[in-house]
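The next block holds one structure in the form of structure tokens; read it before the comments.
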2 protein chains.
Amino acid sequence: MKLSTKGRYGLMAMYQLAMAYGEGPISIKSIADEEDLSENYLEQLFSTLKKNGLVVSSRGAYGGYMLTRHPKDITVGEILRSLEGENYPADCVSSDGFECKKEDMCVTKVVLAKIKSGIDQVIDSITLQDMIEDANMVKNL
Amino acid sequence: MKLSTKGRYGLMAMYQLAMAYGEGPISIKSIADEEDLSENYLEQLFSTLKKNGLVVSSRGAYGGYMLTRHPKDITVGEILRSLEGENYPADCVSSDGFECKKEDMCVTKVVLAKIKSGIDQVIDSITLQDMIEDANMVKNL
DNA sequence: TTAAAGTTGACAATATTACTTGGATATAAT
DNA sequence: ATTATATCCAAGTAATATTGTCAACTTTAA
């Protein structure tokens, strides 16, 4: 039940964009430097984030990426689902017509569905804005 | 954020033991047949479940495994943690002295900790007994 | 004593993850 | 125009984790 680096790096990167919201595009290079991540790898993550409408890009010098919405309107859930796919703990809980082999609905399915909804509840309730505020609180300790 | 087969198979197997609670040991073979899983693989899972005190084994003919406690006193959380380790979404949320490279506490850590506690809350609130009752409800639809 | 069942450790196949490489294309500043 | 700075795109690859298999061994009940 681990988050992959996709999810973690993506979250860190989106947090950077959130902090610079309204200040024009941020380049991958500057994020990679800041967070000590691979530039090329981050590119791929941003590519999917863009595909999913969470960021827009501007190419060329002084280009980079920007959030499409205000940080308070982007949830951690959107980001994680975008990068990691649905957080289904198992395929049988997915929506796309997967069918268990066993005729009777398996019991673990009920459990897995509960886990999924628990995770969703948490990640959909946290916005990028919340992250910024959390960070400020930690700083002021 | 997927559960591995360890967790899923283990859960299914423990459910079988729960249904047979009080009726003596159940062999791996019969569970493997019932749930269509590999016998040898299940062995490994039961080995760790035993190490963690969730089941006891009796060897020899008519042997097998039994729950150490009543199904109402064994949670899904115990089983999953036993098989998959702590469900930490990332290492920095773990308890064993892991330190982030960055001096300031990273913000994603706060988010990850929230996810973890959300998952724990769900899985620790479901017992094997609950699973049995859920199954009965589904049957009677 | 024999057959059923658990125990152990090594290992192999497969899948996924986490990148790397190499180039093409777009844009802004000079 | 040229150059520096970016994104964009498609493969390829190395590392790691997952998901098992296999074989030899030990214990125990019938």
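Throughout, protein chains are lettered first and strands after them, A, B, ... in sequence-line order, and every chain is numbered starting at 1. Worth knowing before you read on, the calculation uses all heavy atoms, side chains too, and leaves out hydrogens, waters and symmetry mates.
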Rounded to whole Å, NZ of B:Lys6 lies from P of D:dG20 at a distance of 11 Å
Any side-chain donor-acceptor pair under 3.5 Å between A:Thr5 and A:Tyr41? yes
- Message: So that I can tick it off, tell me whether B:Lys114 and A:Asp134 are bridged by a salt bridge, with the cut-off set at under 4.0 angstrom between side-chain N and carboxylate O.
- Response: yes
Whole-Å distance, B:Leu42 CG to C:dG6 P, equals 10 Å
Residues 43-70 of chain B vs salt bridge (charged side-chain N to carboxylate O under 4.0 Å, His left out), sequence neighbours excluded, gives B:Arg69-B:Glu78
Among the nucleotides D:dT19, C:dA18, C:dT20, whichever has the atom closest to the side chain of A:Ser38 is C:dT20
Note to self: I want to check one thing: is the phosphate of D:dA17, taken as OP1 and OP2, less than 4.0 Å away from some side-chain N or O of B:Ser4?
What the structure shows: no
Whole-Å distance, A:Arg8 CZ to C:dT17 P, equals 13 Å
B:Leu45 CG to C:dT8 P, in whole Å, measures 15 Å
By side chain to side chain contact (heavy atoms under 4.5 Å, CB included), A:Met66 pairs with (sequence neighbours left out) A:Pro25, A:Val56
The side chain to side chain contact (heavy atoms under 4.5 Å, CB included) partners of B:Asp124 (sequence neighbours excluded) come to B:Thr75, B:Arg81, B:Asp120
The remaining residues in the hydrophobic cluster of A:Tyr62, counting side-chain heavy-atom contacts under 4.5 Å among Ile, Leu, Val, Met, Phe, Trp and Tyr, are none
The complete set of salt bridge (charged side-chain N to carboxylate O under 4.0 Å, His left out) pairs with one or both residues in residues 11-29 of chain B, sequence neighbours excluded, reads B:Lys29-B:Asp33
Whether each nucleotide of nucleotides 1-10 of chain D has a protein heavy atom under 4.0 Å at its base (B), only at its sugar-phosphate (S) or at neither (-) is summarised, 5' to 3', as ----BSBBB-
Here the distance between atom P of D:dT19 and atom OH of B:Tyr41, to the nearest Å, is 5 Å
Here the distance between atom P of D:dG20 and atom CG of B:Asp36, to the nearest Å, is 11 Å
B:Glu35 CD to D:dG20 C1', in whole Å, measures 18 Å
Check your understanding: For D:dT18, does either OP1 or OP2 sit under 4.0 Å from a side-chain N or O belonging to B:Thr5?
Key -> no
Does a side-chain N or O from A:Tyr9 land closer than 4.0 Å to OP1 or OP2 of C:dA18, or not?
no
